[in-house]
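The structure presented is a predicted model; accordingly, all values stated were derived computationally and were not measured.
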Amino acid sequence: MLDHQVKIRFLIVGIWNTVFGYGAFLFLYWFFNLFLSPRYMAYMTASIVGNIIAITNAFIFHKYFTFKSSEQGWDALREYFRFAGTYLFSFILGLILLPLFVEVFGMTPQIAAAVIILICTVFSYIGHSRFSFRS
């Protein structure tokens, strides 16, 4: 039963973090688009900065709500690095797919980012449940 509850909490946090992360990307893309040229500099910078913010937000919610980890101090810092490491694959995949979807397939950066979020969701659950917050 506990595993089922963890999946439900993961889904809740995942929905929150998707909305939060996508909102951060949209805001940052708008902001960087005011100052950076060409366009790819704006959306790639927004993607990198937005991912760092979203990963930290997700860590806090998954640590305390989803997986209810009690690690503190250096152990919590190690947990954060495992968590961020789990996102590394998704982060790199996103950095590869974003310009491909925008420049090759002609998607807007906003739509491309939404599609990438959906693709990376599966990887994050597997990684976090089996690696980031393992006992």
Side-chain angles (χ1 to χ4, degrees):
M1 187 65 159
L2 179 62
D3 189 52
H4 182 66
Q5 292 173 353
V6 169
K7 287 178 183 175
I8 290 170
R9 290 192 307 264
F10 185 87
L11 180 63
I12 292 167
V13 171
I15 290 168
W16 157 247
N17 199 56
T18 299
V19 170
F20 177 86
Y22 188 59
F25 171 80
L26 292 176
F27 172 77
L28 291 167
Y29 173 61
W30 168 82
F31 178 76
F32 289 128
N33 205 34
L34 297 173
F35 305 103
L36 299 176
S37 183
R39 179 177 73 157
Y40 72 85
M41 291 296 293
Y43 67 72
M44 292 301 287
T45 304
S47 179
I48 291 167
V49 174
N51 266 291
I52 292 167
I53 293 168
I55 287 168
T56 302
N57 175 73
F59 173 75
I60 292 167
F61 280 90
H62 281 310
K63 176 176 179 51
Y64 295 107
F65 180 72
T66 305
F67 299 104
K68 299 187 181 200
S69 172
S70 59
E71 300 294 342
Q72 295 181 4
W74 290 109
D75 291 335
L77 186 60
R78 277 194 295 276
E79 198 172 59
Y80 178 80
F81 286 117
R82 282 197 315 259
F83 184 87
T86 301
Y87 271 115
L88 186 60
F89 176 77
S90 295
F91 182 66
I92 291 170
L93 182 63
L95 289 178
I96 292 167
L97 291 178
L98 187 58
L100 179 71
F101 288 173
V102 173
E103 305 301 333
V104 176
F105 297 121
M107 292 180 177
T108 65
Q110 298 91 331
I111 298 297
V115 171
I116 291 166
I117 288 169
L118 295 173
I119 292 170
C120 293
T121 298
V122 174
F123 295 110
S124 70
Y125 176 75
I126 294 168
H128 297 316
S129 64
R130 297 185 182 164
F131 177 67
S132 299
F133 297 102
R134 71 174 186 251
S135 341

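- Both Met44 and Ile119 sit in one connected hydrophobic cluster of ILVMFWY residues. Membership requires side-chain heavy atoms under 4.5 Å apart, directly or through other members.
- Across all their heavy atoms, Ala113 and Tyr22 have their closest contact at CB-CE1, 4.1 Å.
- The side chain to side chain donor-acceptor pair (under 3.5 Å) search around Tyr29 returns none, not counting sequence neighbours.
- Residues meeting the ring pair (Phe, Tyr, Trp, His ring centres under 6.0 Å) test with Phe65, sequence neighbours left out: none.
- Ring orientation note: the planes of Phe27 and Trp30 are tilted relative to one another, at an angle of 30° to 60°.
- Here Leu118 is tied to no hydrophobic group at all, with no ILVMFWY side chain closer than 4.5 Å.
- Residue pairs satisfying the side chain to side chain donor-acceptor pair (under 3.5 Å) criterion with at least one member in residues 61-70, sequence neighbours excluded, are listed as follows: His62-Thr66, Lys63-Ser69, Lys63-Glu79, Ser69-Glu79.
- Residue Tyr43 holds its OH atom at 9.0 Å from CZ of Phe25, rounded to the nearest 0.5 Å.
- Annotation: side chain to side chain donor-acceptor pair (under 3.5 Å) contacts of Thr56 (sequence neighbours excluded): Tyr80.
- In this structure, the separation between CD1 on Ile96 and CZ on Phe91 is 11.0 Å, given to the nearest 0.5 Å.
- To the nearest 0.5 Å, the span separating CG on Asn17 from CZ on Phe10 amounts to 9.0 Å.
- In this structure, the separation between CD1 on Ile60 and CD1 on Ile55 is 12.5 Å, given to the nearest 0.5 Å.
- Connection of Val13 to Ile15 is not established within any shared hydrophobic cluster, with ILVMFWY side chains joined at heavy-atom distances below 4.5 Å, either directly or through further cluster members.
- Under the 4.5 Å side-chain heavy-atom criterion for ILVMFWY residues, a single connected hydrophobic cluster contains both Leu97 and Ile52.
- The shortest side-chain heavy-atom distance between Phe101 and Ile116 falls under the 4.5 Å cut-off.
- For the pair Ser90 (side chain) and Thr86 (backbone), a donor-acceptor distance under 3.5 Å is absent.
- The side chain to side chain donor-acceptor pair (under 3.5 Å) search around Asn33 returns none, not counting sequence neighbours.
- Residues Phe59 and Val19 do not share a hydrophobic cluster, defined by chaining ILVMFWY side chains whose heavy atoms lie under 4.5 Å apart.
- Within the model, atoms OH of Tyr40 and CG of Leu98 stand 13.0 Å from one another, a figure rounded to the nearest 0.5 Å.
- With a 4.5 Å cut-off on side-chain heavy atoms, Ile12 and Trp16 do not count as touching.
- With values rounded to the nearest 0.5 angstrom, Asn51 atom CG is found 8.5 Å from Cys120 atom SG.
- When every heavy atom of Arg39 is checked against every heavy atom of Pro109, the shortest pair comes out as NH1-CD, 3.9 Å.
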